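Let me begin by presenting the structure, written as structure tokens, before commenting on it.
Computed from a predicted structure; not experimentally measured. Chain letters run A, B, ... following the sequence lines, proteins first, then strands; residues in each count from 1.
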Number of protein chains: 2
Amino acid sequence: MGAGTNGDEVEDTLSSDVETYVREGPGKRFIEPRILFLLSRGPAHGYDLISRMGEVPLPGPVPDTGAVYRKLREMEGRGLVTSRWDEKGGGPRRRVYRITAAGRRRLASWVEAIRQRMEMLQRFLDLCAEEGK
Amino acid sequence: MGAGTNGDEVEDTLSSDVETYVREGPGKRFIEPRILFLLSRGPAHGYDLISRMGEVPLPGPVPDTGAVYRKLREMEGRGLVTSRWDEKGGGPRRRVYRITAAGRRRLASWVEAIRQRMEMLQRFLDLCAEEGK
DNA sequence: CGATGATATATGTCTTTGACATATACATTA
DNA sequence: TAATGTATATGTCAAAGACATATATCATCG
């Protein structure tokens with residue numbers, strides 16, 4: 001997305017992430033953006049993330065639990081989060097996740113991608129209003 | 001599918017169209033909104049719609065041709081568009097589509113759903129900015 | 001004439017995403 | 001002991017859509 005009309009240029013490595021996300025979208029349930037957002041506030045385990053998914057102001061219902069656990073493992077494989085088992089405390093073991101620096105950059109990419117997608121959506125709304133739909 | 005090309009509109013319980021679309025989203029490629037938007041400007045056949053998909057200011061690449069033809073038939077089944085064969089003129093036969101009144105209402109529902117989704121996305125962006133992401 | 005290419009519609013098949021259901025396990029409480 | 005809440009994980013299925021292919025008409029080129 002050209003859009004380079006503003007002063008602050010972004011590194012190429014970053015902007016290619018943004019382009020990909022603008023193109024492909026965040027997925028039906030915004031699973032990755034939701035996870036990165038919640039983890040940017042502090043470490044948490046999966047069940048905890050799932051129970052707080054609804055706090056993230058993004059459209060649609062919260063994702064399925066299975067989808068969240070699977071996405072977390074996949075994101076760990078991509079280096080966006082790390083995990084370790086937390087033994088202390090009663091109850092079943094918890095896998096505690098932390099966001100990495102790469103994960104924070106990824107969240108920033110999502111924010112920028114969402115911003116760019118919103119610009120296009122606004123153009124669509126304007127055009128529809130203009131044509132009296 | 002002979003498509004009961006109806007003269008009459010299909011009655012919708014349109015009360016919850018918007019809610020459904022806000023919840024489920026427009027699909028990865030915005031196929032239905034793109035089609036309804038283009039047809040709101042006038043009748044067109046599938047190939048024509050496909051070649052003009054890129055004119056619609058919505059995020060992401062234009063959808064696959066197969067997906068468009070299948071979606072058109074499905075939308076005809078739901079009474080959002082009607083079609084008839086256009087024989088005149090050289091070249092292969094064209095199935096010309098027209099938007100129905102129900103289709104126009106559906107486009108209006110999409111516009112409202114997109115507006116509501118954008119409001120939520122804006123809240124997300126605001127929250128991210130506020131927390132210094 | 002036959003080959004090629006643009007126009008036009010349609011179907012076949014595969015991958016990805018995520019929903020729904022189930023499995024496993026620990027700890028507390030009834 | 002059984003049930004309940006917490007916690008992680010997998011099995012299976014359906015839907016959406018990508019990619020490839022099939023079919024047909026007509027114009028143009030050699």
Side-chain angles (χ1 to χ4, degrees), chain A residues 20-21 23-35 38-39 43-54 58-78 81-98, chain B residues 1-3 5 20-21 23-35 38-39 43-54 58-78 81-97 110:
Chain A
T20 302
Y21 295 160
R23 213 177 340 108
E24 294 307 317
K28 195 176 177 184
R29 296 293 181 241
F30 294 82
I31 306 182
E32 188 175 306
R34 281 182 202 268
I35 288 171
L38 288 172
L39 286 181
H45 58 278
Y47 192 85
D48 191 16
L49 291 170
I50 288 162
S51 66
R52 280 160 41 201
M53 281 285 159
L58 284 171
V62 297
D64 173 72
T65 63
V68 172
Y69 285 116
R70 271 190 273 244
K71 178 63 78 171
L72 280 166
R73 308 305 296 273
E74 182 226 298
M75 288 168 69
E76 184 167 22
R78 289 190 286 133
V81 301
T82 58
S83 76
R84 54 169 244 279
W85 286 108
D86 178 12
E87 304 293 354
K88 42 180 166 290
R93 301 155 80 208
R94 329 175 138 178
R95 191 189 282 274
V96 175
Y97 285 93
R98 280 164 204 281
Chain B
M1 306 5 189
T5 43
T20 302
Y21 295 162
R23 211 175 344 110
E24 294 307 316
K28 195 177 178 184
R29 296 296 181 239
F30 294 83
I31 306 182
E32 188 176 303
R34 281 183 201 269
I35 288 171
L38 288 171
L39 286 181
H45 58 278
Y47 192 84
D48 191 17
L49 291 171
I50 288 162
S51 65
R52 280 161 39 203
M53 280 284 159
L58 283 170
V62 297
D64 174 72
T65 62
V68 173
Y69 285 116
R70 272 190 272 243
K71 178 64 77 171
L72 280 166
R73 308 306 295 276
E74 183 225 296
M75 288 167 68
E76 183 167 23
R78 288 191 287 134
V81 301
T82 58
S83 77
R84 51 170 247 276
W85 287 107
D86 178 12
E87 305 292 355
K88 43 182 166 289
R93 299 156 80 210
R94 325 173 142 182
R95 191 188 283 273
V96 175
Y97 284 92
W110 276 118

Proximal nucleotide (of C:dG18, C:dT9, D:dA18) relative to the B:H45 side chain: C:dT9

Separation of atom CZ in A:R93 from atom C1' in D:dG5, rounded to whole Å: 19 Å

Touch class at under 4.0 angstrom, heavy-atom based, for B:R70 against every strand present: base

Length of the line joining B:K71:NZ and C:dT11:C1', which is rounded to integer Å: 17 Å

Short side-chain N/O contact to D:dT8 OP1/OP2 from A:Y69, under 4.0 Å: yes

Length of the CG-P vector between B:D86 and D:dA24, whole Å: 20 Å

Taking every non-hydrogen atom, the tightest pair across B:I50 and B:Y69: CD1-CE1, 3.7 Å

Nearest atoms (heavy-atom pairs only) where A:P43 meets A:V96: CB-CG1, 3.9 Å

Residue A:I31, side-chain atoms from C-beta onward, closest of C:dT7, C:dT9, C:dG18: C:dG18

Rounded interatomic separation in angstrom, taking CD from A:E74 and C1' from C:dG18: 12 Å

D:dT10 phosphate, OP1 or OP2, under 4.0 Å from A:R73 side-chain N/O: no

B:R78 and B:E74 ion-paired at < 4.0 Å: yes

Contact nearer the 5' end of DNA chain C, comparing A:V62 with B:T65: B:T65

Pairwise 5' ranking along DNA chain C for A:G66 and A:F30, keeping only the more 5' one: A:F30

d(NZ, B:K28; P, C:dG18) in whole Å: 9 Å

Gap between atoms CG and C1', on A:L49 and D:dT6 respectively (whole Å): 14 Å

Any side-chain donor near an acceptor of the partner, B:S83 and B:R95, under 3.5 Å: yes

Residue whose closest nucleotide on DNA chain D lies nearer the 5' end, A:G91 versus A:W85: A:G91

Gap between atoms CG and P, on B:D64 and D:dT21 respectively (whole Å): 13 Å

Euclidean distance, atom CG of residue B:L58 to atom C1' of D:dG17 [Å, nearest integer]: 17 Å

Ionic contact status for A:R29 with B:E24, cut-off 4.0 Å: yes

